Amino acid sequence: MNTLFFTQLSTLLFSLLAICWGLIIYHHLLYPWLLGRLGSRNTRRTVTEPATSNWQPTISLVIPAYNEAAVIADKIRNVASLDYPADKLQLIIACDGCSDATADIARRTAREAECRQIHIHIEDFQENRGKVAVLNDIISQLDCDIVALSDASALISIDALLQASQAFQNNQTGFVAATYKLLNPGSQGEADYWQYQTRIKCNEANIGSPVGVHGALYFFRRKLFSPLPADTINDDFILPMQMVMAGYKGVYLLDIVALELEEASLQMDEKRRVRIAAGNLQQLLRLARLTLPRYKGTAFTFTSGKALRALMPAILALQWVLCCLLAAESQLLLALSILQPLGFACAALSKQLPAGMLPGKIETLYLANGYRASFTGMLRYCIGLERAAGSLSARTANKDKQQRIIRT
């Protein structure tokens with residue numbers, strides 16, 4: 001009886017291990033290959049089609065800013081130089097309780113001769129409430145056709161607004177995603193990662209809609225916006241994918257570029273990946289309907305890409321536990337049970353070494369460190385430590401500011 005039980009248990013554990021390994025191989029190898037093959041057959045969403053009318057939408061470009069004194073002046077000058085009719089564009093700097101001179105520098109820059117041609121509004125909130133609360137306040141007031149959201153530290157390519165407006169001539173276009181590029185990558189691993197992400201976004205858009213956008217720059221129809229829950233972590237995913245669920249399409253344009261000026265340190269990159277991982281789990285729970293077949297290509301990319309990415313830290317941890325439980329059954333599994341934690345430990349230690357000591361391609365063992373940070377983010381979300389800032393009391397305190405309608 002005991003022998004039969006342990007045999008059945010061993011079979012079950014081996015089956016679970018095979019499933020875990022199958023998901024790992026599928027997500028990292030088979031899915032990107034399938035996506036490339038399917039995406040290469042249809043490139044219609046990665047380029048704009050010729051304009052069918054002279055319609056130029058009114059655009060409100062919103063920049064949430066918290067302590068951006070070092071970059072806000074260059075950002076305003078960059079927006080003022082964009083190729084778009086001045087009477088159709090307004091720039092809104094939303095200072096989220098800044099403790100530095102962001103608002104003062106923004107006001108001075110707005111008075112410069114080259115910047116006075118566009119309407120610039122500076123909203124100086126006194127309390128730091130978080131990006132989502134600021135977006136809910138500002139966007140709900142806007143009276144415009146298109147909203148553009150951009151980071152203060154990212155410069156926008158000069159014809160970005162023209163290209164985006166052309167994409168919105170299709171009434172089914174709900175949002176437009178820009179291409180994110182780094183001026184100074186923190187490591188070769190980070191540079192390779194974002195090149196890989198660009199290829200993935202292109203292929204996703206070719207068979208459905210981009211699965212999320214980068215917050216450095218994206219556009220959406222104002223009429224499709226509804227306030228986000230205060231605890232939303234990744235607004236640049238939840239917001240556009242809600243539009244997909246409402247029946248609209250997303251467009252990814254390679255020629256619209258957001259160039260990140262800020263050089264991320266390894267510590268900043270670690271925090272970013274922890275937060276993104278927490279957001280990945282949150283968005284999987286809130287947007288689970290995107291896995292339904294009626295969303296066609298987007299269901300495939302969301303399930304194979306984002307959903308599995310959100311669950312991958314748990315899958316990796318489970319397969320390691322299974323390797324340990326089955327180590328007595330196989331020398332390979334025994335080796336894997338020992339080598340895997342050693343590999344992640346080496347990846348963590350690599351971040352403490354001086355820059356340039358390791359070859360560029362493995363300088364930070366980017367993938368391993370990414371999953372280590374992702375596992376931390378997933379745990380933090382599950383126990384309630386990773387949440388977006390925002391409070392009802394803060395929104396109530398600023399109710400008088402919300403009564404004003406900002407118009408282009």
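Just so it is clear, the model here is predicted, and its values are computed rather than measured. Position 1 is the first residue of the sequence, and the numbers go up from there.
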- [ ] Take His214 and Phe175, measure what ring pair (Phe, Tyr, Trp, His ring centres under 6.0 Å) needs, and give me the verdict at the end.
- [x] CA-CA 12 Å; His214 198 286; Phe175 67 92; over 10 Å; no
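A donor-acceptor contact under 3.5 angstrom links the side chains of Ser153 and Glu260, judged on distance only. Residues Thr179 and Tyr252 have side chains that bring a donor and an acceptor to within less than 3.5 angstrom of each other. Ser304 and Tyr26 share a side-chain donor-acceptor pair at under 3.5 Å. Between the side chains of Asn67 and Ser99, at least one donor N or O lies within less than 3.5 Å of an accepting N or O.
Glu123 places none of its side-chain heavy atoms less than 4.5 Å from the side chain of Ile93. Side-chain atoms of Ile315 and Trp21, non-hydrogen and from C-beta on, never get closer than 4.5 Å to each other. With contacts defined as side-chain heavy-atom distances shorter than 4.5 Å, the pair Asp96/Pro64 does not qualify. No side-chain heavy atom of Ile158 sits less than 4.5 Å from a side-chain heavy atom of Tyr84. Residues Ile207 and Leu35 form a side-chain contact, since some pair of their non-hydrogen atoms from C-beta on lies under 4.5 Å apart.
Between Asp236 and Lys131 there is no salt bridge, since no side-chain nitrogen of the basic residue lies less than 4.0 Å from a carboxylate oxygen of the acidic one. Between Arg222 and Asp143 no salt bridge is recorded (no basic side-chain N to carboxylate O distance below 4.0 Å).
Rounding to the nearest 0.5 angstrom, the gap separating the CG atom in Leu287 from the OH atom in Tyr295 is 9.5 Å.
The ring-ring contact (aromatic ring centres under 6.0 Å, His included) check on Phe225 picks up nothing, with sequence neighbours excluded.
Using a distance-only test at 3.5 Å, with no hydrogens or angles considered, a donor-acceptor pair links the side chain of Glu204 to the main chain of Val211. One N or O on the side chain of Asn78 and one on the backbone of Ile156 form a donor-acceptor pair closer than 3.5 Å. With Thr109 contributing its side chain and Ala73 its backbone, the two residues share no donor-acceptor pair below 3.5 Å.
The side chain to side chain contact (heavy atoms under 4.5 Å, CB included) test with Leu281 is passed by exactly one of Arg309, Arg380, Met378: Met378.
Listed by first and then second residue, the salt bridge (Lys or Arg N to Asp or Glu O under 4.0 Å) pairs involving residues 59-83 are Asp74-Arg77, Arg77-Glu112 (not counting sequence neighbours).
Relative to the ring axis of Phe125, Arg129 places its NZ or CZ within 45° and under 6.0 Å from the centre.
Taking a 6.0 Å sphere around NZ of Lys181, one finds it holds 12 or fewer heavy atoms contributed by other residues, nucleotides or ligands.
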